[in-house]
Amino acid sequence: MTVPSTLTSYINGEFVDREHYFDNINPVNGCVVSLISEANHQMIDDAVAAAKNSEWARLSVKERCVLLNKVADVMQAREQEFIDAEIADTGKSLFQVKTIDIPRGTANFRFFADLVQYPANESFITETPQGTKALNYSVNKPLGVVAIISPWNLPLLLATWKIAPAMACGNSVIFKPSEETSSTAFLLAQVMDEVGIPKGAFNLILGRGHAVGDAITSHADIDAITFTGASATGQRIMASAAQTVKPISFELGGKNSAVVFSDVDIDKAVAGVARSTFTNCGQVCLCTEKVYVHRSIFDEFVGKLKQHAAGIKIGYPTDDDVFMGPLVSKAHQTKVLSYYQLARDEGATIEQGGGVPKFGDERDEGCYIEPTVLTGLDDHARINQEEIFGPVCHVSPFDSEAEVIKRVNDTPYGLAASLWTENLSRAHRVAPQIDVGLVWVNTWFLRDLRAPFGGTKLSGVGREGGLHSLAFYTEPSNICINIEE
Ligand code: NAD
């Protein structure tokens, strides 16, 4: 496995090493993978100035799309490097990186390069009662310089989900990846360079949130901010962006429920709920943390879910059949373990897991954690209200449809939910009553890039995906032309 040994920012078409480093740690064994050169405020000013002056917005849509498709071609050609880098940073399983993170990262460029070519502009013929006629039409212009700030859980996938539409629409970008996962961001900068993306169109700023975050989000020449990350960080960014009234798009935290009705095939529902709880060690914003199971099948369901969790293979991310690698970092392992302790303190029954696996080798220095199933708490326990972001769910029984809808909605978050039922009418009746941005029925994490994506309440502001992305990354300017008789 080869990964770059020093990661630097990329500004105005140049890689810039400030020679002020922090360590990038491998969560499998706690060893240093690479050094990350942290940007300073002058570099942010330089990047924003380069973005503002870039010729990118002046290229035709066709020219931009040809270049973005080339970005996808080179990413595909260098796929193994992206796979190795993503695994080294996150410890996530080879299967996931190979089938989801990297191919979907590449697909984002192809999808938005295609999509941006087709939407028509709005136009209207206006006729006033006085007989004046006019043609109104709108021109969708890029916003200018867009700051993109992304998290560590699906690093390349979530970053390109925003970089691709922003650039396809003609914006220049200032991209700040998570300090935990800068390697694929650095490779992407190399790809942009190799493809010949005009200077200043894509700028990469590496650094920790506290060191570079505010300088980006409060910058007067940043025209919009799109952010994926924790709700508390979103609140800070919103306050910072308020100084210059920038448009924002926020994809934030979640506390997602799965509801299992009595009519299901239990084995299928257990497999689905387990996948939605334990995928990527629970480090997907859409993962299930609360499970509501109809009382008539509760004991059988919990028994089978425990069994499933106990059978999950944990190990080296690149070993065959490994479903769970480590969590992303020691800090995150400490946080999730503190919730396992809190569950005990709040009086939960630990049905399965609740600790750290022991390997007897270098992995004991890593950030591994056991998949965990809890029962016995009420809905207002902190375990059932706060986002944990680990491989853990709490399972509760319910008796009626109306009751479970109320309980699912009783959270400050509103990102996603999944319903498990064979009753079609029930699915249609219940799904729209759940106060979230996405409801899955008998599936989970099945995404269509054209569909709106985002959350309600503390889970976000706005929607991206398909035409929603194009709407966010452009500003319509209406032109009204008098038609003289
Ligand atoms: P985080 O908020 O700690 O960090 C996200 C990014 O923000 C990082 O790049 C970080 O460096 C940066 N940042 C931190 N402080 C900043 C500041 N003051 N100004 C500007 N930038 C700052 O989140 P995380 O721990 O990396 O990611 C996990 C969180 O992300 C979870 O809450 C998860 O639910 C959420 N998430 C949401 C979605 C979604 O689509 N809704 C997707 C993935 C992750």
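When a ligand or atom number is given, it counts from 1 through the structure's own listing order.
The option from Gly437, Ala416, Gly213, Gly253 that lies nearest to atom 20 (C) of ligand 1, judged by heavy atoms, is Gly213. Nearest-residue assignment for atom 3 (O) of ligand 1 (options Asn153, Thr233, Ile225; heavy-atom criterion): Thr233.
Residue Ser459 places no N or O, backbone or side chain, under 3.5 Å from any N or O of ligand 1. Ligand 1 has no N or O atom lying under 3.5 Å from any N or O atom of Ile237, backbone or side chain. By the 3.5 Å distance cut-off applied to N or O atoms, Arg208 is not counted among the residues near ligand 1. Considering both main-chain and side-chain atoms, Trp152 comes within under 3.5 Å of ligand 1 through a nitrogen or oxygen pair. For ligand 1, the polar-atom distance check against Leu252 finds a nitrogen or oxygen pair separated by under 3.5 Å.
We find that Glu38 and Arg208 are joined by a salt bridge, their nearest charged nitrogen and carboxylate oxygen being less than 4.0 Å apart.
Defined by atom type and a distance below 3.5 Å, a donor-acceptor pair is present between the side-chain atoms of Asn108 and Thr160. Residues Asn24 and Ser34 bring a donor and an acceptor atom of their side chains to less than 3.5 Å of each other. Looking only at atom types and distance, the side chain of Thr106 has no donor-acceptor partner in the side chain of Gln76 under 3.5 Å away. Side chain to side chain, Gln243 and Ser218 fail the donor-acceptor criterion of an N or O pair below 3.5 Å.
Using a 4.0 Å cutoff on heavy atoms, Phe453 counts as a contact of ligand 1. Not a single heavy atom of Gly460 sits less than 4.0 Å from an atom of ligand 1. Ligand 1 lies less than 4.0 angstrom from a heavy atom belonging to Ser150.
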For residues 91-100, please give each side-chain donor-acceptor pair under 3.5 Å, one per line with the distance, not counting sequence neighbours.
from  : atom 1 : to     : atom 2 : distance (Å)
Lys92 : NZ     : Asp101 : OD2    : 2.8
Lys92 : NZ     : Asn153 : O      : 2.5
Ser93 : OG     : Gln96  : N      : 3.2
Gln96 : NE2    : Asp101 : OD1    : 3.1
Thr99 : OG1    : Phe95  : O      : 2.6

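Close contacts of ligand 1 with Phe227, meaning ligand atoms under 4.0 Å from a residue heavy atom, involve 2 (O), 5 (C), 6 (C), 7 (O). Taking a cut-off of under 4.0 Å to the non-hydrogen atoms of Pro177, the atoms of ligand 1 that pass are 9 (O). Short contacts between ligand 1 and Ile149, defined as distances under 4.0 Å to a heavy atom of the residue, involve ligand atoms 6 (C), 7 (O), 9 (O), 12 (C), 20 (C), 21 (N).
Of the possible polar contacts, none joining the Thr181 side chain to the Asp89 backbone as a donor-acceptor pair under 3.5 Å is found. A donor-acceptor pair under 3.5 Å is formed between the side chain of Asn203 and the backbone N or O of Gly200. Between the side chain of Arg463 and the backbone N or O of Gly455 there is at least one donor-acceptor pair closer than 3.5 Å. Judged purely by atom type and a 3.5 angstrom limit, Asn256 has no side-chain atom pairing as donor or acceptor with the backbone of Lys290.
Contacts of Ala232 with ligand 1, taken as heavy-atom pairs under 4.0 Å, are absent altogether. Only side-chain heavy atoms of Leu158 come within less than 4.0 Å of ligand 1; its backbone N, CA, C and O stay farther off.
Atom 28 (C) of ligand 1 has its closest protein heavy atom at Phe389 CE2, 3.6 Å. Among all protein heavy atoms, the one lying closest to atom 23 (O) of ligand 1 is Ala230 N, 3.4 Å. Among protein heavy atoms, atom 42 (C) of ligand 1 sits closest to Cys285 SG, 2.9 Å. Protein heavy atom nearest atom 34 (O) of ligand 1, with residue, atom name and distance: Glu387 OE2, 2.5 Å. The nearest heavy-atom contact from the protein to atom 27 (O) of ligand 1 is Pro151 CB, 3.3 Å. Scanning all protein heavy atoms for the shortest distance to atom 17 (C) of ligand 1 gives Gly209 O, 3.9 Å. Shortest contact from atom 11 (O) of ligand 1 to any protein heavy atom: Glu179 OE1, 2.6 Å. Distance from atom 18 (N) of ligand 1 to its nearest protein heavy atom, with residue and atom name: Asp214 OD1, 3.6 Å.
Taking a distance limit of 4.0 Å, we find that atom 32 (O) of ligand 1 is approached by some protein heavy atom.
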For Phe112 and Lys162, run side-chain contact (heavy atoms from CB on, under 4.5 Å): C-alpha distance rounded to whole Å, both residues' side-chain angles, the deciding distance at 0.1 Å, then the answer. CA-CA 10 Å; Phe112 284 107; Lys162 291 171 180 293; over 6 Å; no
Using the side-chain contact (heavy atoms from CB on, under 4.5 Å) rule, take Ile174 and Ile44 through it: C-alpha gap first, then chi angles, then the decisive distance, then the call. CA-CA 8 Å; Ile174 307 293; Ile44 293 168; 5.6 Å; no
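Relative ring orientation between Phe202 and Tyr10 is described as tilted, the plane-to-plane angle lying within the 30° to 60° band.
If you look at Phe186 and Phe15, their ring centroids are closer than 6.0 Å.
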